[in-house]
Amino acid sequence: MKTLYKQYIVVTLAVIVVSITMSMLLIGQIYQSQIRPNTDAKNYEVAQEVKNIITTMPRDSYEAYFESVAKLGYQIAVANQSGNVSMYGNNFNKIELNDDMLNIIGTDNDYHGIQEYQGSSLFMDHFANDIQNTVGVAFSFNNENYAFFIRPANATLFSEMHLLLVSFIIITAVVILLTMILLARQLVRPLKQLQEATEQIAQEDYDIYLQIDRNDELGQLATQFQKMANRLAENDQIKKDFINNVSHDFQSPLLNIQGYANVLKDAENTEEERVQYLEIIEQETKRLSALTKQLLLLSSLDQKNLPIEKKRYSLDKQLKERLFSKRWKLDDKQMELVYELEPIEVFADEQLFEQVWDNLLSNAIRYSEDKGKIIVTCNKKDDAIIVVIQDYGIGIPEEALEKVKERFYRVDPSRSSQSSGLGLAIVTEIVKRHEGQFNIESKLGKGTKVEIILPN
């Protein structure tokens, strides 16, 4: 498997190689079109000046003059008609004269080898230490024909500034390569941690702690991934708790039904006892049915396959009907009910919102003390319909406010027999499907206020 780190290094090296190659091609074109002709012309001027001087000096002096010119940073080769060559300054690595060089001896022609030389490749011809890579002029001395060939020595061409420039380029390339490798490691390390964390989550192990402290996109990704892992761990625990609670919720009425069914088999039961036992069985059956319906409803809302049958109906009338259906519970706890319902029509699924009001009102009654008070209001404001249900009961702890809308969550597990932990989750999903808002405010020991906001 190709790791990201290896791919990054390979791409980096490829970019460097391609960049160097393209740079060399470009430099080669500039050298061929501009630098080479200029260099040839400059060296030709030097050769003409040397020729003008040596033709006026005695025989025994021109060799000394060639030596002095060579010390100024030039390589010089003097050839006679026989092809014998004398060197001044640094020797050429290649000293083979071509026909063009020999043919200028005894003529007025010149040799422009720097401009025409074809050696290795591109601009490296500039440094070729070959006698053919020179400029040549013919001259006569004591009735003998000669030609001398001259070029700057490589030591002159490759000056201290050139050395500094080349060193700078090499060091820069090395630093860039090392920096890219370091950056690649810094990039791959957090990705490796995220990969391992992903594999850990795939094994349903959510105990994850990412040691990624960055202020870039990877740091944000790590932060969100950590939040996701923590949330998955919470959901997993909630799911386990829910399974335990639901198992208990199912088991308790089933055991009661089984127990009282066995008791009914006893022929010694009076008619009054038989009716009482049958009523208990009926209550437990209804309890099971309600729990099953809630589970099926939430599952349908989850899968988005529950059809929403919206229609325009009277919201205030629906709320009144729900309030009156709870009247016996209010009377049983001697609770005061205050409501102020503005006549309002809403475009929504009537049956689903019956579930909403039923759950919210049931919670308000369930978690209120005897002789408590519930206030229900419904009004229209701007482009919104607002329904508020407020009780003055036990309230919700602040740390639980963000969780009560989650499915299976119970603020007080010890009171699980009073609630399945699904009611507010169902309300949340129904309101969301109607593009509304569901807000909860609560203070422990002082009561809870829930607010449903629907588009008008």
Side-chain angles (χ1 to χ4, degrees), residues 286-287 289-302 304-333 335-368 372-393 404-405 407 418-442 447-456:
K286 289 179 179 179
R287 181 177 162 190
S289 177
L291 180 59
T292 303
K293 286 180 180 179
Q294 283 189 320
L295 288 171
L296 290 174
L297 176 59
L298 189 59
S299 177
S300 297
L301 289 169
D302 263 348
K304 310 299 181 185
N305 60 5
L306 184 69
I308 301 295
E309 298 178 358
K310 291 185 178 181
K311 66 178 182 179
R312 189 164 295 279
Y313 68 92
S314 174
L315 179 60
D316 57 299
K317 182 180 177 181
Q318 185 185 46
L319 285 168
K320 286 179 185 177
E321 290 175 354
R322 290 296 91 203
L323 288 171
F324 287 131
S325 70
K326 305 293 182 184
R327 192 74 206 184
W328 66 273
K329 290 185 178 180
L330 293 167
D331 293 340
D332 190 49
K333 298 184 72 170
M335 295 183 65
E336 179 184 358
L337 173 64
V338 178
Y339 60 88
E340 184 178 341
L341 307 177
E342 181 181 333
I344 294 174
E345 285 193 345
V346 65
F347 186 66
D349 189 308
E350 187 174 5
Q351 290 186 351
L352 287 180
F353 269 95
E354 283 187 2
Q355 293 282 338
V356 170
W357 312 132
D358 191 69
N359 282 327
L360 294 179
L361 290 170
S362 295
N363 283 348
I365 297 170
R366 182 183 299 120
Y367 298 113
S368 292
K373 181 180 180 180
I374 293 177
I375 301 176
V376 181
T377 62
C378 173
N379 57 71
K380 192 187 306 181
K381 185 176 181 182
D382 297 329
D383 291 332
I385 297 170
I386 303 173
V387 178
V388 177
I389 300 175
Q390 184 170 0
D391 67 66
Y392 298 88
V404 290
K405 295 180 184 179
R407 61 201 61 192
Q418 297 187 24
S419 170
S420 64
L422 297 175
L424 294 184
I426 291 173
V427 171
T428 301
E429 290 298 326
I430 293 174
V431 173
K432 186 188 297 183
R433 293 284 292 272
H434 284 78
E435 300 178 354
Q437 298 178 37
F438 175 31
N439 304 318
I440 302 178
E441 298 176 11
S442 184
T448 301
K449 174 184 174 182
V450 298
E451 182 183 59
I452 302 293
I453 303 176
L454 297 173
N456 184 15

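Side chains are part of it too, since the values below use all heavy atoms of this structure and drop only hydrogens, waters and symmetry mates. Residues take their numbers from the sequence shown, with the count starting at 1.
With rounding to the nearest 0.5 Å, the separation of CG in D316 from CD in E321 is 10.0 Å. The distance from the CD1 atom of I389 to the CG atom of L323 is 7.5 Å, given to the nearest 0.5 Å. With values rounded to the nearest 0.5 angstrom, K449 atom NZ is found 6.0 Å from Q390 atom CD. Within the model, atoms CZ of R322 and NZ of K326 stand 6.5 Å from one another, a figure rounded to the nearest 0.5 Å. Considering CD1 of I440 and CG of L360, their distance stands at 8.0 Å, rounded to 0.5 Å. A distance of 10.0 Å separates CD of Q355 from CG of D349, quoted to the nearest 0.5 Å.
Contact of the N379 side chain with the V387 side chain is not registered, since no non-hydrogen atoms from C-beta on lie closer than 4.5 Å. Y339 is not listed as a side-chain neighbour of L319, based on a closest heavy-atom distance of 4.5 Å or more. Within the 4.5 Å cutoff, no side-chain heavy atoms of E340 are placed close to those of I375. L424 places none of its side-chain heavy atoms less than 4.5 Å from the side chain of N359. Considering only heavy atoms from C-beta on, N439 comes within 4.5 Å of Q437 through its side chain. Looking at L337 and R327, their side chains come closer than 4.5 Å, going by heavy atoms from C-beta outward. The closest side-chain heavy-atom distance from L315 to F353 is not below 4.5 Å. Looking at heavy atoms from C-beta onward, V427 lies out of side-chain contact with V450 at the 4.5 angstrom threshold.
Of all non-hydrogen atoms in I344 and K380, the two that sit nearest each other are CD1-N, 3.6 Å. Residues V346 and L454 come closest through the heavy atom pair CG2-CD1, 4.1 Å. Closest non-hydrogen pair, E345 versus I385, comes out as O-CD1, 3.8 Å. Nearest heavy-atom pair, Q318 versus E354, reported as atom, atom and distance to 0.1 Å: NE2-CG, 3.3 Å. The two residues E435 and P455 have their closest heavy-atom pair at O-CD, 3.7 Å.
Side chain of S442 to backbone of G447: a donor-acceptor contact under 3.5 angstrom is found. With H434 contributing its side chain and K310 its backbone, the two residues share no donor-acceptor pair below 3.5 Å. Between the D391 side chain and the I374 main chain, no donor and acceptor come within less than 3.5 Å of each other. At least one donor-acceptor pair closer than 3.5 Å links the side chain of K405 to the backbone N or O of F438. For S289 (side chain) and K286 (main-chain N/O), no donor-acceptor pair under 3.5 Å exists by modelled atom type. K333 places a side-chain N or O within 3.5 Å of a backbone atom of S368 that can act as its donor or acceptor partner.
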Quiz item: Given K381 and N456, is the side chain to side chain contact (heavy atoms under 4.5 Å, CB included) satisfied, shown in steps?
Solution: CA-CA 9 Å; K381 185 176 181 182; N456 184 15; over 6 Å; no

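The pair E350-K311 meets the salt-bridge criterion, since a charged nitrogen lies less than 4.0 angstrom from a carboxylate oxygen.
By the neighbour-count criterion of 12 heavy atoms within 6.0 Å, atom CG of D383 is sparsely surrounded, having that number or fewer from other residues, nucleotides or ligands.
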